[in-house]
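Notes for the one structure printed next.
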Amino acid sequence: MYPIVTMIITYDSSRAVTVTKKDDEEYYVKMYDLESYELKFEEKISGNYIKLKEVEQNSAGNFYAIVFIDDGVFKMRTFGKETR
């Protein structure tokens, strides 16, 4: 298991979203259901030199975004509560 960089509980209190760091080239974003503890979403973010710290959500708590830098290039990834 890798150390957790950040974790949020969604505004509707139904999900937990975590960001873990393997090394400077690989991070994992995971979403867990807080009632069943089931993993609902997992994505590996990898590149040459990654920096990823925050997960943001909309006011309803059902749409999320991560912004990260990959060796000087900013990128954004969005995902929803039920779909990618």
Side-chain angles (χ1 to χ4, degrees):
M1 180 169 296
Y2 307 120
I4 293 178
V5 174
T6 190
M7 182 182 86
I8 66 164
I9 304 298
T10 59
Y11 291 143
D12 64 0
S13 300
S14 66
R15 303 277 195 266
V17 182
T18 65
V19 175
T20 56
K21 178 181 178 179
K22 178 181 177 186
D23 53 32
D24 287 339
E25 298 174 348
E26 202 167 296
Y27 282 75
Y28 291 88
V29 178
K30 297 180 182 182
M31 180 188 303
Y32 297 92
D33 183 290
L34 290 177
E35 288 185 21
S36 67
Y37 303 111
E38 180 182 352
L39 180 64
K40 294 292 189 177
F41 173 85
E42 178 179 22
E43 185 160 324
K44 178 173 83 169
I45 307 295
S46 61
N48 295 321
Y49 182 74
I50 302 290
K51 284 292 191 182
L52 191 162
K53 290 178 94 177
E54 299 290 327
V55 178
E56 295 295 333
Q57 60 184 310
N58 67 352
S59 60
N62 60 3
F63 194 70
Y64 316 96
I66 53 173
V67 177
F68 59 97
I69 189 168
D70 180 6
D71 201 19
V73 178
F74 283 94
K75 298 181 179 183
M76 183 173 78
R77 171 74 169 95
T78 60
F79 53 99
K81 181 176 172 181
E82 301 295 332
T83 60
R84 288 184 152 178

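The residues of the chain are indexed from 1 along the displayed sequence. All figures in this text were calculated on a predicted structure; none of them were measured in a lab. All heavy atoms count here, side chains included; hydrogens, waters and symmetry mates do not.
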Practice item. Check whether the side chains of S14 and K81 place a donor and an acceptor atom closer than 3.5 Å, and report yes or no. Key: yes

Practice item. Compare every heavy atom of K21 with every heavy atom of V5, then report the nearest pair and how far apart it is. Key: CG2-CB, 3.6 Å

Practice item. For Y27 and K51, work out which heavy atoms get closest and say how close. Key: OH-CA, 4.2 Å

Hey, quick one: are [X] and [Y] part of the same hydrophobic cluster, counting side-chain heavy atoms closer than 4.5 Å, chains of contacts allowed?
X	Y	value
I50	V67	no
I66	F63	no
I8	L52	yes

With rounding to the nearest 0.5 angstrom, report the [atom1] to [atom2] distance, [X] to [Y].
X	Y	atom1	atom2	answer
D71	E25	CG	CD	9.5 Å
T6	E54	OG1	CD	5.0 Å
Y11	N62	OH	CG	12.0 Å

Please tell me if the side chains of [X] and [Y] come closer than 4.5 Å, counting only heavy atoms from C-beta onward.
X	Y	result
V29	I45	yes
F79	M31	yes
R15	L34	no

Check your understanding: side-chain contact (heavy atoms from CB on, under 4.5 Å) with Y28: which residues, sequence neighbours excluded?
Key -> Y2, T20, K22, E26, K30, E42, K44

**Study point:** Under 3.5 Å donor-acceptor, N48 side chain and D70 backbone
**Key:** no

Point to revise | Short side-chain to backbone donor-acceptor contact, Y64 and G61, under 3.5 Å | key: yes

